[in-house]
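Small disclaimer: the values here were computed from a predicted structure and weren't measured.
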Amino acid sequence: MAVKEIAFKCTKASTYYTIGGIRLYDKNDKIYPIKFSSKNGLTSNIFYIQGTDITGTVSTTNSYGTYYFIDSPFDTDKSIVTSYPSANYWLSSSADTIKITFNIPVKISKIDFVSYCGNGADRKQNAIEIIVKDEFQNLLLQEKHITLNYVENQVYSVLTPTLTSFKSLLLKSNDNIYSYESNNIKHETKMTSNTTPSPLVASASSVYSSSYPAWLAFNGTRTNVNNCWITSLLTDQWVQIDFKDKKRVNHIEVVGMGVNTTSSPKNFTVFGSNDGISFYPVLKINNQTNWGTFESRGFNFNYVVNYRYYRFHIHDNNGYASYSGVVDIVYSHKGSDLLKLNNSSKKSFVNYGNTRLFDMNKPIKEVDYVLEGEYTDSSKYILIKKTIIRKPLSISFN
């Protein structure tokens with residue numbers, strides 16, 4: 001399963017929240033080599049996975065410092081186990097959660113973590129809860145490990161079918177076999193000014209200064225405290241994207257501020273328009289509190305809308321007195337299709353099966369038909385596949 005975000009929520013036994021080494025494994029059960037160009041971040045740090053184009057952020061709202069930093073548990077330059085004073089674990093007196101977020105969805109088959117690294121009973125944890133989400137904030141896994149026995153440097157493992165890349169499920173209705181295919185389209189913008197790339201246009205009701213224009217809410221950068229749209233007024237401010245043509249949308253992802261997080265939106269409404277004059281509310285969200293640094297939150301609409309303009313209207317923030325703002329906004333359409341298969345053979349399960357089925361209570365857009373032909377000779381097996389949009393009148397393989 002492709003993972004976008006993993007949170008580790010601690011339940012302390014005494015004074016401190018803490019977690020030791022954390023290791024993430026790929027689909028081949030190899031540890032992802034997570035590296036930090038600059039180490040010892042207190043509330044956030046940027047990482048890269050060596051040998052890949054995967055980057056991301058580790059974050060929390062508080063770290064004790066001295067030896068105990070947010071990047072310490074994830075840093076594969078360090079051992080997964082530790083002993084004082086080589087304290088390669090995270091510690092906090094107030095924050096109970098640390099999080100790792102990837103720039104792209106990542107295949108993860110297993111998670112190892114250490115709940116207690118010694119160095120005093122005040123660092124023991126009653127439980128560690130692992131919360132895993134995909135790029136649309138669907139919950140892939142929520143698993144709590146009770147760690148009451150306090151074995152020093154004990155490695156716990158999270159290994160479930162929901163995290164693996166194996167496929168296993170098909171659907172059957174009226175003796176027909178179907179595969180359920182997610183069809184999620186992100187309307188990514190990657191803007192470099194208010195009018196580039198063409199034909200996109202970004203605008204806002206106000207900006208704090210020329211350093212924080214509207215387009216910074218749509219440029220895709222999520223780990224730079226200066227890369228954000230900031231308002232000059234506190235309440236009822238908006239930032240808008242004009243796609244120039246209509247876009248089907250039923251989901252929005254919002255990234256909160258990287259500094260002064262109480263300036264992140266608390267109550268907001270999304271509006272849609274086709275002429276830039278008459279706007280209609282399509283989503284209203286209230287009471288979004290306790291934003292973490294660069295925290296991403298996803299919100300589903302009640303239905304699919306189709307507009308040219310989308311306006312993100314902040315009614316008020318979480319109490320910051322100087323401005324409101326966001327780091328990034330992405331609109332998307334979360335849809336699904338059915339693929340009608342010839343049979344429910346082992347080959348069909350391998351090629352088209354799913355591990356989990358999301359949004360099955362929503363209408364399915366269309367049914368596609370999959371044709372397959374097999375050719376073999378003395379040396380190899382060839383599978384030819386073609387997906388068509390209507391039921392075929394006849395089938396032949398040449």
Verify the cluster assignment for [X] and [Y]: are they in a single hydrophobic cluster under the rule of side-chain heavy atoms below 4.5 Å apart?
X: L140; Y: I54; value: yes
X: Y17; Y: I19; value: yes
X: W229; Y: F268; value: yes
X: V270; Y: L200; value: yes
X: Y212; Y: L234; value: no

So does Y64 have more than 12 non-hydrogen atoms from other groups sitting under 6.0 Å from OH? no
Greater than 12 external heavy atoms within 6.0 Å of Y208's OH: no
Partner residues of [X] under the side-chain hydrogen bond (donor to acceptor under 3.5 Å, both in side chains) criterion, sequence neighbours left out:
X: N224; result: none
X: D53; result: none
X: S14; result: none
X: D112; result: Y25, S157

Decide yes or no for [X] and [Y]: does some side-chain heavy atom of the first lie under 4.5 Å from some side-chain heavy atom of the second?
X: K186; Y: H333; answer: no
X: I329; Y: F218; answer: yes
X: K247; Y: D245; answer: yes
X: T231; Y: W238; answer: no
X: S92; Y: Y16; answer: no
X: I6; Y: L24; answer: yes
X: I230; Y: V207; answer: no
X: I111; Y: R23; answer: no

Steps toward side chain to side chain contact (heavy atoms under 4.5 Å, CB included) verdict (I146, N126): CA-CA 6 Å; I146 305 302; N126 283 333; over 6 Å; no
Check: [X]/[Y] side-chain N/O donor and acceptor closer than 3.5 Å:
X: Q237; Y: S324; answer: no
X: H315; Y: T235; answer: no
X: N227; Y: N219; answer: yes

What distance separates [X] [atom1] from [Y] [atom2], expressed to the nearest 0.5 Å?
X: D134; Y: K4; atom1: CG; atom2: NZ; value: 10.0 Å
X: Q240; Y: S203; atom1: CD; atom2: OG; value: 4.0 Å
X: F74; Y: I80; atom1: CZ; atom2: CD1; value: 11.5 Å
X: T18; Y: K12; atom1: OG1; atom2: NZ; value: 12.0 Å
X: T261; Y: N317; atom1: OG1; atom2: CG; value: 10.5 Å
X: W90; Y: L42; atom1: CH2; atom2: CG; value: 12.5 Å

Side chain to side chain contact (heavy atoms under 4.5 Å, CB included) between S59 and E295, intermediate numbers included: CA-CA 8 Å; S59 60; E295 181 179 352; over 6 Å; no
With distance as the sole test, does [X] use its side chain to make a donor-acceptor pair with the main-chain N or O of [Y] at under 3.5 Å?
X: S273; Y: D275; result: yes
X: Q125; Y: R123; result: yes
X: N300; Y: H251; result: no

Compile the donor-acceptor pairs under 3.5 Å between side chains in residues 28-35 and protein atoms, sequence neighbours left out, one pair per line.
from : atom 1 : to   : atom 2 : distance (Å)
D29  : OD1    : S109 : OG     : 3.1
Y32  : OH     : K107 : O      : 2.6
K35  : NZ     : D77  : OD1    : 2.7

If you take all heavy atoms of [X] and [Y], which pair is closest and at what distance?
X: C228; Y: V225; answer: SG-O, 3.5 Å
X: V326; Y: A217; answer: CG2-CB, 4.2 Å
X: F294; Y: T223; answer: CZ-C, 3.4 Å
X: I241; Y: T189; answer: CD1-CG2, 4.2 Å
X: D71; Y: G41; answer: OD2-N, 2.6 Å
X: T61; Y: A95; answer: OG1-CB, 3.3 Å

Does the pair D242/R308 count as a salt bridge with the N-to-O cut at 4.0 Å? yes
Quick test of your reading of the model: are E188 and K190 salt-bridged, counting only N-O distances below 4.0 Å? yes
Side-chain donor-acceptor pairs of residues 283-292 under 3.5 Å, sequence neighbours excluded:
from : atom 1 : to   : atom 2 : distance (Å)
Q288 : OE1    : R297 : NH1    : 2.9
W291 : NE1    : P265 : O      : 3.0
W291 : NE1    : Q288 : O      : 3.0

Below 6.0 angstrom between ring centroids: does that apply to Y89 and Y68? yes
Under a single-linkage rule joining Ile, Leu, Val, Met, Phe, Trp and Tyr whose side-chain heavy atoms are separated by less than 4.5 Å, which residues share a cluster with V304? none
For Y309, what are the other residues in its hydrophobic cluster, where any two members join if their side-chain heavy atoms are less than 4.5 angstrom apart? F271, F279
Results of salt bridge (Lys or Arg N to Asp or Glu O under 4.0 Å) for R222 - residues two or more places apart only: E253, D328
Residues two or more places apart in sequence or in another chain: which of them pass salt bridge (Lys or Arg N to Asp or Glu O under 4.0 Å) with K124? none
After noting the C-alpha distance and the side-chain angles of Y280 and Y307, does the key distance pass the side chain to side chain contact (heavy atoms under 4.5 Å, CB included) rule? CA-CA 10 Å; Y280 305 94; Y307 289 106; 4.0 Å; yes
Fit a plane to each ring of H145 and F113, take the angle between them on a 0 to 90° scale, and name the class: parallel (under 30°), tilted (30 to 60°) or perpendicular (over 60°). perpendicular
After noting the C-alpha distance and the side-chain angles of R311 and V239, does the key distance pass the side chain to side chain contact (heavy atoms under 4.5 Å, CB included) rule? CA-CA 6 Å; R311 178 177 290 181; V239 63; over 6 Å; no
If we check side-chain contact (heavy atoms from CB on, under 4.5 Å) with I22, which of these qualifies: V58, I130, I98? I98
Does F36 have any ring pair (Phe, Tyr, Trp, His ring centres under 6.0 Å) partners at least two apart in sequence or in another chain, and if so, which? none
List for me each residue that meets ring pair (Phe, Tyr, Trp, His ring centres under 6.0 Å) alongside Y310, sequence neighbours excluded, and say none if there are none. Y331
